[in-house]
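Here is the structure we will look at.
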Amino acid sequence: MKKLILLLVLAIVSTACHQQSDEEKINNLNGYWEIKKAELPEGITKEFKISELVDYIQVENGEGFRKKVRPQLGGSFITSKDRENFEAKVENDSINLYYTTPYNSWKETVISSEENELKVINPRGIIYTYKRFTPYSTDYGQED
């Protein structure tokens, strides 16, 4: 009986302490992200109540891109052809995103990537926090 209780406790603890794999963290990047705040190295924090633009991120097999899109009522998006390509690499227990555009190249480090929150730090030390974007609804005040 004691062994059964011990096994049960160990199973619960291991489930509660489940660490995401690097693959899960990278897969969490996929989707639409709305900026929530930016924390500057000087200690200044800028909160964003609403954003006209949302970042769309898609990554597969270590290759990905990010582009700005403008959400519309009804769930659609206006988008341009501009995009920032990146390579996602796991290095020293971190996920680094190496961006390349015709004009520049840089690295961002993923601090955390959860299902509904994403945090990255850029080369200037600015930490960006994003929340998963919820599409705008046109169903306000309508009854089922």
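Remember, predicted model here, so these are calculated numbers, not experimental data. Atom set for the values below is all heavy atoms of this structure, side chains included, hydrogens, waters and symmetry mates excluded.
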Exercise for review: Look at the aromatic rings of Tyr32 and Phe77 and report parallel, tilted or perpendicular, splitting at 30° and 60°.
Suggested key: parallel
Check your understanding: With under 30° as parallel and over 60° as perpendicular, where do the rings of Tyr99 and Trp106 fit, or are they tilted in between?
Key -> parallel
Hey, what do you get for [atom1] ([X]) to [atom2] ([Y]), rounding to the nearest 0.5 Å?
X      : Y      : atom1 : atom2 : value
Ile35  : Lys46  : CD1   : NZ    : 8.5 Å
Ile78  : Lys68  : CD1   : NZ    : 16.0 Å
Lys89  : Leu97  : NZ    : CG    : 11.5 Å
Glu34  : Lys131 : CD    : NZ    : 4.5 Å
Ile95  : Ile26  : CD1   : CD1   : 4.5 Å
Ile121 : Ile127 : CD1   : CD1   : 4.5 Å

Give the cluster check for [X] versus [Y]: same hydrophobic cluster or not, with ILVMFWY residues linked at side-chain heavy-atom distances below 4.5 Å.
X      : Y      : answer
Tyr98  : Val90  : no
Phe65  : Trp33  : no
Tyr128 : Leu53  : no
Tyr56  : Leu73  : yes
Ile126 : Val120 : yes

Check your understanding: Would Glu63 and Asn61 count as a side-chain contact (heavy atoms from CB on, under 4.5 Å) if you check the C-alpha gap in whole Å, the side-chain angles of each, and the deciding distance to 0.1 Å?
Key -> CA-CA 6 Å; Glu63 299 290 323; Asn61 298 324; 5.7 Å; no
Has the side chain of [X] got a donor or acceptor atom that lies under 3.5 Å from a matching backbone atom of [Y]?
X      : Y      : result
Glu24  : Ser21  : yes
Ser105 : Thr100 : no
Ser94  : Asn96  : no

Review point. Looking at Arg66 and Glu84, does any basic side-chain N land under 4.0 Å from a carboxylate oxygen?
Key: yes
Crowded around [X] [atom1]? As in, over 12 foreign heavy atoms under 6.0 Å?
X      : atom1 : answer
Glu23  : CD    : no
Gln72  : CD    : yes
Asn104 : CG    : yes
Lys67  : NZ    : yes

Contact between [X] and [Y] at the side-chain level, heavy atoms closer than 4.5 Å - yes or no?
X      : Y      : result
Thr109 : Asn122 : no
Asn30  : Val59  : yes
Val110 : Leu118 : yes

Practice item. Run the numbers on Asp22 and Asp93 for side-chain contact (heavy atoms from CB on, under 4.5 Å), then give the verdict. Key: CA-CA 9 Å; Asp22 292 332; Asp93 297 328; over 6 Å; no
Practice item. Would you check, one step at a time, whether the test salt bridge (Lys or Arg N to Asp or Glu O under 4.0 Å) holds for Glu52 with Arg70? Key: CA-CA 6 Å; Glu52 290 184 28; Arg70 185 179 309 274; 3.0 Å; yes
Review point. Of the non-hydrogen atoms in Asn28 and Arg132, which two are nearest, and what is the gap between them?
Key: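 Scanning both residues completely, I find the closest heavy atoms to be O-NH2, 3.1 Å.
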Point to revise | Nearest non-hydrogen partners of Gly75 and Pro135, listed with the distance | key: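 Between these two residues, the closest heavy atoms are CA-CB, 4.1 Å.
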Point to revise | Row check, Tyr130 ring normal vs Lys119 NZ/CZ: under 6.0 Å, within 45° | key: no
